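Just so it is clear, the model here is predicted, and its values are computed rather than measured.
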Amino acid sequence: MEKQTKIIRLANGYHVWTRKVGESPIKVLLLHGGPGLTHEYLENFQDYLLPEGIELYFYDQLGSYFSDQPDEPELWTIERFCEEVEEVRVGLGLDDFYLYGHSWGGMLAIDYALKYGEYLKGLIISSTTASMESWDKHLLELRNSLPPDVIERMDVLEQLEKTDAKEYLELYWNYFGKKYICRTESMPEAVVRSEARINEQITEILLGTAAFEVNGLLRDWNRWDVLQNIDIPSLVITGRFDTMRATEIEEMARLLPMSRSAICENGSHLTMWDEPDIYFRHLITFLKDVEDGSFLTG
């Protein structure tokens, strides 16, 4: 397996880590979620996509573990991250490539496609809804569906500002995370590794500090009214048990001019891990349909 690591110097003087894996005219740049996680939880992409002749570019966004981690809160805006993706594209020499974004990375991919879509051959938006308001509403619905005694105890701990307490984290994971974040029997090692290295400063600035509410800088992010401006082949994909509402993913695909949606019926937010065969089949089919010109008719 051919691997090539490249450190890209940004205009602001900081450096970001990238790694090319494979060799193919079909090139996919991966944008991880978080915000503030690492590329590591996407490592299984190489297990499924490389054998299909697809070249991958892993990349740790600025602030993430393998890249520089400046203590400069003013850097953590979606606008700056979008410009960073463009700098990475130029640094890697990518043109006519596919952009994949998961969760926060999907938001970033949408904004990149709106501004720099001319460089894209296709777009894959995974586990991302078109506005934070939409996500907030669904998170509240999911929280309200938990057992009443669990909700009551979480309310108490939230009022005491103890959302980082062991009891709260266990309640969150046992009653919410195991159903809506990752449905595997045990958390994949690559996911554990990525989460252990999360840059919490970035997460708190962009998403906020609440478990079931976005109260950070991204709280007003909304792209529903401009999705029709992304005029490139697009795949919008999620799991039925994702924290994003599946019907909204289908609505995004309806609004995007050249798009299809895919719902993995047993998947959660990390569908690439809990329903990988179906998830990657959708991705591979999309990429190959675009490549052979059958996307609009297939």
Inset, instruction - To the nearest 0.5 Å, tell me how far Asn199 CG sits from Glu204 CD. - result: 9.5 Å
Inset, instruction - Run through Thr243, Val150, Leu171 and flag the one making a side-chain contact (heavy atoms from CB on, under 4.5 Å) with Phe176. - result: Thr243
Inset, instruction - Answer yes or no: is there an ion pair linking Lys288 with Glu291, defined by an N-O contact shorter than 4.0 Å? - result: no
Inset, instruction - Using a cut-off of 6.0 Å, state whether more than 12 heavy atoms not belonging to Glu200 lie near its atom CD. - result: no
Inset, instruction - Find out whether Cys182 and Trp173 are in side-chain contact, i.e. whether some heavy atom of one side chain is under 4.5 Å from a heavy atom of the other. - result: yes
Inset, instruction - Give a yes or no on whether Trp221 and Leu140 share a hydrophobic cluster (residues Ile, Leu, Val, Met, Phe, Trp, Tyr; joining criterion: side-chain heavy atoms under 4.5 Å apart). - result: no
Inset, instruction - Examine distances only and state if a side-chain atom of Ser67 and a backbone atom of Gly63 form a donor-acceptor pair shorter than 3.5 Å. - result: no
Inset, instruction - Could you label the plane-to-plane angle of the His32 and Tyr59 rings as parallel, tilted or perpendicular, counting under 30° as parallel and over 60° as perpendicular? - result: tilted
Legend entry - Validation row: Arg143, Asp155 side chains within 4.5 angstrom (heavy atoms): yes
Inset, instruction - Work out which heavy atom in Pro257 is nearest to a heavy atom in Ile230; give both atom names and the distance. - result: CD-O, 3.3 Å
Legend entry - Cationic N near anionic O, under 4.0 Å, Arg254 to Glu250: no
Inset, instruction - Answer yes or no on whether Arg89 is positioned over the face of Tyr116, meaning its NZ or CZ is under 6.0 Å from the six-membered ring centre and within 45° of the axis. - result: no
Inset, instruction - Report, as yes or no, whether the 6.0 Å neighbourhood of atom CD on Glu74 holds more than 12 heavy atoms from other residues, nucleotides or ligands. - result: yes
Inset, instruction - Count the heavy atoms of every other residue, nucleotide or ligand shown that sit under 6.0 Å from CD of Gln228, and state whether that count exceeds 12. - result: yes
Legend entry - Carboxylate-amine/guanidinium contact Glu141 Lys137, below 4.0 Å: no
Legend entry - Polar side-chain atom of Ser194 near backbone of Val191 as donor-acceptor pair, under 3.5 Å: no
Inset, instruction - Say whether Ile278 and Phe241 are linked into one hydrophobic cluster, either directly or through other cluster members, by side-chain heavy-atom distances under 4.5 angstrom. - result: no
Legend entry - Side-chain (Asp68) to main-chain (Pro70) donor-acceptor, under 3.5 angstrom: no
Legend entry - Any donor-acceptor N/O pair, Glu43 side chain to Ala190 backbone, under 3.5 Å: no
Legend entry - Side chain Trp104, main chain Gly36, donor-acceptor under 3.5 Å: no
Inset, instruction - Indicate the ring-plane relationship of Tyr172 and Tyr168, choosing parallel, tilted or perpendicular according to the 30° and 60° boundaries. - result: parallel
Inset, instruction - Decide yes or no on side chain to side chain contact (heavy atoms under 4.5 Å, CB included) for Tyr48 and Ile54, but give the supporting numbers first. - result: CA-CA 9 Å; Tyr48 289 87; Ile54 297 165; over 6 Å; no
Legend entry - SB check Lys115 Glu83 (cutoff 4.0 Å): yes
Legend entry - From CA spacing to verdict: side chain to side chain contact (heavy atoms under 4.5 Å, CB included), Ile124, Leu99: CA-CA 6 Å; Ile124 301 171; Leu99 185 62; over 6 Å; no
Legend entry - Side-chain heavy atoms of Glu248 within contact of His138, under 4.5 Å: no
Legend entry - Closest heavy-atom pair and its distance - Leu62, Ile202: O-CD1, 3.8 Å
Inset, instruction - Might you point out which heavy atoms bring Val214 and Leu206 nearest each other, and give the distance in Å? - result: CG1-O, 4.3 Å
Inset, instruction - Write down the atom of Ile181, the atom of Ser268, and the distance for their closest heavy-atom approach. - result: O-OG, 2.8 Å
Legend entry - Residue pair Glu195 / Leu37, side-chain heavy-atom distance below 4.5 Å: yes
Inset, instruction - Consider only side-chain heavy atoms of I, L, V, M, F, W and Y, link residues closer than 4.5 Å, and tell whether Val156 and Leu146 are in one cluster. - result: no
Legend entry - Leu270 side, atom CG; Arg183 side, atom CZ - distance, nearest 0.5 Å: 12.0 Å
Legend entry - Charged N-O contact under 4.0 Å between Arg219 and Glu213: no
Legend entry - Backbone of Ser127 reached by a side-chain donor or acceptor of His102 within 3.5 Å: no
Legend entry - Thr38 backbone acceptor or donor facing Asp60 side chain under 3.5 Å: no
Legend entry - Any donor-acceptor pair under 3.5 Å from Glu87 side chain to Ala11 backbone: yes
Inset, instruction - State, with a plain yes or no, whether a side-chain heavy atom of Glu189 is found less than 4.5 Å away from one of Val192. - result: no
Legend entry - Min side-chain heavy-atom separation Leu42-Met272 under 4.5 Å: yes
Legend entry - Nearest-0.5 Å distance, CD1 of residue Ile125 to OG of residue Ser261: 11.5 Å
Legend entry - Distance-minimising heavy-atom pair for Ser234 and Leu256: CB-CD1, 4.2 Å
Inset, instruction - Please answer whether the main-chain N or O of Tyr175 pairs with a side-chain N or O of Lys178 as donor and acceptor at a distance below 3.5 Å. - result: no
Inset, instruction - Given side chain to side chain contact (heavy atoms under 4.5 Å, CB included), test Leu108 with Gln61 step by step and report yes or no. - result: CA-CA 11 Å; Leu108 193 52; Gln61 297 152 27; 4.2 Å; yes
Inset, instruction - Inspect the surroundings of NZ in Lys121 and state if more than 12 heavy atoms from other residues, nucleotides or ligands are less than 6.0 Å away. - result: yes
Inset, instruction - For atom CG of Asp225, decide whether the heavy atoms of other residues, nucleotides or ligands shown that lie under 6.0 angstrom number more than 12. - result: no
Legend entry - Met154 and Leu157, any side-chain heavy atoms less than 4.5 Å apart: no
Inset, instruction - Look up atom CE in Met107 and atom CE in Met132, then write down how far apart they are to the nearest 0.5 Å. - result: 4.0 Å
Legend entry - Leu227 side chain near Met252 side chain, heavy-atom distance below 4.5 Å: yes
Inset, instruction - Determine whether Val90 and Leu31 fall in the same hydrophobic cluster, where Ile, Leu, Val, Met, Phe, Trp and Tyr are linked whenever their side-chain heavy atoms lie under 4.5 Å apart. - result: no
Inset, instruction - Enter the distance from Trp135:CH2 to Asp242:CG here, rounded to the nearest 0.5 Å. - result: 9.5 Å
Legend entry - Tyr100 and Phe45 aromatic ring geometry - parallel, tilted or perpendicular at 30°/60° bounds: perpendicular
Legend entry - Where Gly208 and Asn215 come nearest, the two heavy atoms and their spacing: CA-OD1, 2.8 Å
Inset, instruction - Report the distance from atom CH2 of Trp224 to atom CG of Asn222, rounding to the nearest 0.5 Å. - result: 8.5 Å
Inset, instruction - Tell me whether the centres of the aromatic rings in Tyr119 and Phe97 are closer together than 6.0 Å. - result: no
Legend entry - Cluster overlap Ile7 with Leu30, hydrophobic side-chain contacts below 4.5 Å: yes
Inset, instruction - Please check if the side chain of Thr128 supplies one atom and the backbone of Ser126 the other of a donor-acceptor pair under 3.5 Å. - result: yes
Legend entry - side chain to side chain contact (heavy atoms under 4.5 Å, CB included) between Thr271 and Ile237, worked out: CA-CA 9 Å; Thr271 309; Ile237 184 169; over 6 Å; no
Legend entry - Pair Phe58 + Phe66: ring centers closer than 6.0 Å: no
